[in-house]
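Because the structure is predicted, anything quoted here is derived from the model rather than measured.
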Amino acid sequence: KLNWARELNKWVREKLKVEVLFGNQPYDLDSDVDVVIVNYDILPAWVEKLRDLKPQVVIGDEINMCKSNKAKRTKAMKMLVKGVKHVIAMSGTPSLNRPVEIYNAIRMVDPNRCPDWNEFVHRYCAARMSRWGLDVSGASHIDELREKILKPIMLRRLKKDVLKELPDKLYSVVPMEMTSTVEYAAAILDFRQWQEQMIEWKQMGDPRAQAEALVRIERLKQICLRGKMPQAMDWVENMLEANGKLVVFCTHQLGVDTLMHKFSHCAVKVDGSVTGEDRQGAVDLFQ
């Protein structure tokens, strides 16, 4: 969300009034706001307030997050775009291997172009009955789906098509919300009180006090890490879906262990605990 706000201020010439929403306690929004930015997790709580603004354009970034009809965010997104003239659905992973995952995106962009759920899954998802019910994870008539339904509404750019337009390297900072704000605020207060005490006692120059300061700062960093790991893992998951491979560097062992716990089915690690043949084996397996 914060990155969207920053990019808007960077690229849009006109001065926009941008509001970034946080939390699940909705409040009244100014009617003259130009852009409202909200994440899917809290959208269900805000959807009524957003509809009151009568939005002219709705942009759904990473629309693949709304592939499940049972998810609250999907239901909220469908409610939000209802009757909106311009809907833009964006995704780095528009998979045609599982057309069912883009059904909701198609319906949001142009409900008149897409058949109803039952007809769509039988025509394009090779729907079949299994011992667990209707299986819609397959794909069928993909060429027809691409030409008849997607081509008129979908603009797709592959990396190989725009490679010459891309810079050699792209550096971007992705700000992430911290869920451990209460714990962090308490730790900051404790650190400041300790620092003031050391200054008052004229001990800040003592090597032992300086070492203690580093320990306390490290504690703040670890609290930040714990508070941002859920978002970081979501970001990693989306990147893997889009590109297939990713190298992640971590400052703290906690970050490595948390990532490996979630992605143990597809990841290898190289850290101080992995040596010799195991280290080379991890590198070879990744390559």
Side-chain angles (χ1 to χ4, degrees), residues 1-95 99-117 120 149-157 172-179 230-231 234-235 237-238 241-242:
K1 292 185 291 189
L2 300 176
N3 194 55
W4 265 87
R6 187 175 62 177
E7 293 294 320
L8 276 166
N9 291 326
K10 180 179 178 181
W11 295 105
V12 180
R13 292 179 181 177
E14 297 82 5
K15 184 67 176 177
L16 295 176
K17 184 173 182 180
V18 179
E19 177 129 17
V20 182
L21 304 183
F22 296 94
N24 286 296
Q25 299 298 323
Y27 49 83
D28 291 333
L29 301 170
D30 292 338
S31 58
D32 62 342
V33 66
D34 295 303
V35 181
V36 179
I37 302 172
V38 58
N39 56 305
Y40 289 120
D41 290 342
I42 65 172
L43 180 59
W46 284 90
V47 66
E48 293 291 349
K49 293 288 185 183
L50 294 173
R51 282 191 61 82
D52 289 343
L53 294 176
K54 296 180 171 54
Q56 300 302 300
V57 181
V58 171
I59 301 174
D61 192 14
E62 296 295 350
I63 198 65
N64 47 291
M65 299 283 286
C66 297
K67 60 188 178 185
S68 171
N69 287 316
K70 296 179 181 179
K72 290 182 180 179
R73 59 174 171 259
T74 305
K75 295 175 182 178
M77 190 65 178
K78 287 180 177 179
M79 188 186 304
L80 179 62
V81 303
K82 191 174 182 179
V84 176
K85 187 175 182 181
H86 303 289
V87 178
I88 301 171
M90 304 199 304
S91 172
T93 56
S95 174
V100 69
E101 294 185 358
I102 59 172
Y103 173 79
N104 285 331
I106 298 171
R107 291 284 295 184
M108 289 178 197
V109 172
D110 188 352
N112 296 320
R113 180 166 298 281
C114 192
D116 64 30
W117 168 261
F120 183 89
I149 295 179
L150 294 179
K151 191 174 181 179
I153 62 171
M154 182 176 179
L155 179 64
R156 192 177 188 195
R157 290 291 179 265
S172 61
V173 177
V174 183
M176 294 188 178
E177 282 184 76
M178 187 166 63
T179 58
Q231 287 190 64
D234 286 344
W235 186 91
E237 197 162 35
N238 287 332
E241 286 184 8

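To the nearest 0.5 Å, the span separating CG on Leu155 from CD1 on Ile88 amounts to 10.5 Å. Rounded to the nearest 0.5 angstrom, Lys72 NZ and Cys66 SG are separated by 14.5 Å.
Within the 4.5 Å cutoff, the side chain of Met90 has heavy atoms near those of the Ile59 side chain. No side-chain heavy atom of Met176 sits under 4.5 Å from any side-chain heavy atom of Leu2. Contact check for Asn9 versus Arg6: no side-chain heavy atoms found under the 4.5 Å cut-off. The side-chain heavy atoms of Leu150 and Ile102, taken from C-beta on, include a pair separated by under 4.5 Å. Annotation: side chain of Ile149 is in contact with side chain of Pro115 (closest heavy-atom distance under 4.5 Å). Ile63 has its side chain within reach of Met108: a pair of non-hydrogen atoms, C-beta onward, lies under 4.5 Å apart. Side-chain contact between Leu8 and Lys10 is absent, with no heavy atoms from C-beta onward closer than 4.5 Å.
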Check residues 32-43 and write down every donor-acceptor pair under 3.5 Å in which the side-chain atom is one partner and the other belongs to a residue at least two apart or another chain.
from: Asp32; atom 1: OD1; to: Lys17; atom 2: NZ; distance (Å): 3.1
from: Asp34; atom 1: OD2; to: Lys17; atom 2: N; distance (Å): 2.7
from: Asn39; atom 1: OD1; to: Lys1; atom 2: NZ; distance (Å): 2.9
from: Tyr40; atom 1: OH; to: Asp61; atom 2: O; distance (Å): 2.7

When you look at Thr74 and Lys67, which way does the side chain to side chain contact (heavy atoms under 4.5 Å, CB included) test go after all the steps?
-> CA-CA 7 Å; Thr74 305; Lys67 60 188 178 185; over 6 Å; no
Please assess Met65 against Arg73 for the test side chain to side chain contact (heavy atoms under 4.5 Å, CB included), listing each intermediate value before the final yes or no.
-> CA-CA 8 Å; Met65 299 283 286; Arg73 59 174 171 259; 3.9 Å; yes
Could you go step by step and tell me if Asn238 and Asn64 meet the side chain to side chain contact (heavy atoms under 4.5 Å, CB included) rule?
-> CA-CA 9 Å; Asn238 287 332; Asn64 47 291; 4.2 Å; yes
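Arg113 places no side-chain N or O within donor-acceptor distance of the main-chain N or O of Ile106, the cut-off being under 3.5 Å. Tyr103 places a side-chain N or O within donor-acceptor distance of the main-chain N or O of Trp117, the cut-off being under 3.5 Å. Between the side chain of Gln231 and the main chain of Glu177, a donor-acceptor pair closer than 3.5 Å is present. For the pair Trp46 (side chain) and Gly23 (backbone), a donor-acceptor distance under 3.5 Å is present.
Applying the side-chain hydrogen bond (donor to acceptor under 3.5 Å, both in side chains) test to every pair with at least one member in residues 75-88, sequence neighbours left out, gives these pairs: Asn69-Lys78, Lys78-Asn104.
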